[in-house]
Amino acid sequence: KAGVTQTPRYLIKTRGQQVTLSCSPISGHRSVSWYQQTPGQGLQFLFEYFSETQRNKGNFPGRFSGRQFSNSRSEMNVSTLELGDSALYLCASSATGISGNTIYFGEGSWLTVV
Amino acid sequence: ILNVEQSPQSLHVQEGDSTNFTCSFPSSNFYALHWYRWETAKSPEALFVMTLNGDEKKKGRISATLNTKEGYSYLYIKGSQPEDSATYLCASGQDAGNNRKLIWGLGTSLAVNP
């Protein structure tokens, strides 16, 4: 069974640009959640999508958005990039969601904003 | 929502030693406690998800306990091996009405010397 796949793995963007990251969950999983990892802040929860709907949300500004398609694949978009957005972005999938169930992580997308 | 705290921040032990780490979390609005193992250049790997006060889980040499009333969880590793070297993360699920979030600690970095 294939794991969670994230693309691209590495990317460099300029301040002010926007970026889209993609996540393909484990087959059969309907929940995809996104996280930002920075050295000082640790892992921070961005949002969770389930059956194409945003179900839960962290405390990030509106520049961070996402969506989920009918095949459960998810994309995360960050608009008007800032230097502080440089981070590892992880997505995770779960059969039924982050409510007390195991979530399975991808390897992440490393974003550098210059 | 208050922070999830993990201690110690880092730990160096000898092969064969047993060790334990602590995860403290807000006991209000709690719904689940996750433990993950994260090795460098890999994806975080799920260890345990616990929801009930008094839960105890075991996976090989690793076990965990949960106290939801006082807001802490312990992770134990018996007979540490070099391959146990990793960062151990905990995350507390917090339920704020219709919005659930996973709040992550900064992790305990374990190094096991052969």
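All chains are named by letter (A, B, ...) in the order of the sequence lines, taking the proteins before the strands, and each is independently numbered beginning at 1.
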Taking non-hydrogen atoms and a cut-off under 4.5 angstrom, which of [range] neighbour chain B?
range                       : value
residues 64-81 of chain A   : none
residues 48-56 of chain A   : A:Arg55, A:Asn56
residues 103-114 of chain A : A:Ile103, A:Phe105, A:Gly106, A:Glu107

Given a strict heavy-atom distance threshold of 4.5 Å, which part of A:Phe47 is in contact with chain B: side chain, backbone, both, or neither?
neither
Is [X] close to chain A through its backbone or its side chain, or both, or neither, when contacts mean heavy atoms under 4.5 Å?
X        : value
B:Leu89  : side chain
B:Leu102 : both
B:Asn98  : backbone

Between atom CG of A:Asn101 and atom NE2 of B:His34, what is the distance when rounded to the nearest 0.5 Å?
7.5 Å
Which residue pairs pass the salt bridge (Lys or Arg N to Asp or Glu O under 4.0 Å) test with at least one member in residues 73-84 of chain B, sequence neighbours excluded?
B:Arg61-B:Asp84
Among B:Ala91, B:Ala41, B:Ser43, residue most engaged with chain A (heavy-atom pairs, under 4.5 Å)
B:Ser43
What are the two closest heavy atoms between A:Thr102 and B:Tyr36, and how far apart are they?
C-OH, 4.3 Å
Which heavy atom in A:Leu90 sits nearest to a heavy atom in B:Pro44, and how many Å separate them?
CD1-CG, 4.1 Å
Show, in sequence, the C-alpha distance, side-chain angles and deciding distance for A:Gln37 and B:Trp38, and conclude whether the side-chain contact (heavy atoms from CB on, under 4.5 Å) test is met.
CA-CA 12 Å; A:Gln37 163 78 2; B:Trp38 197 357; 3.9 Å; yes
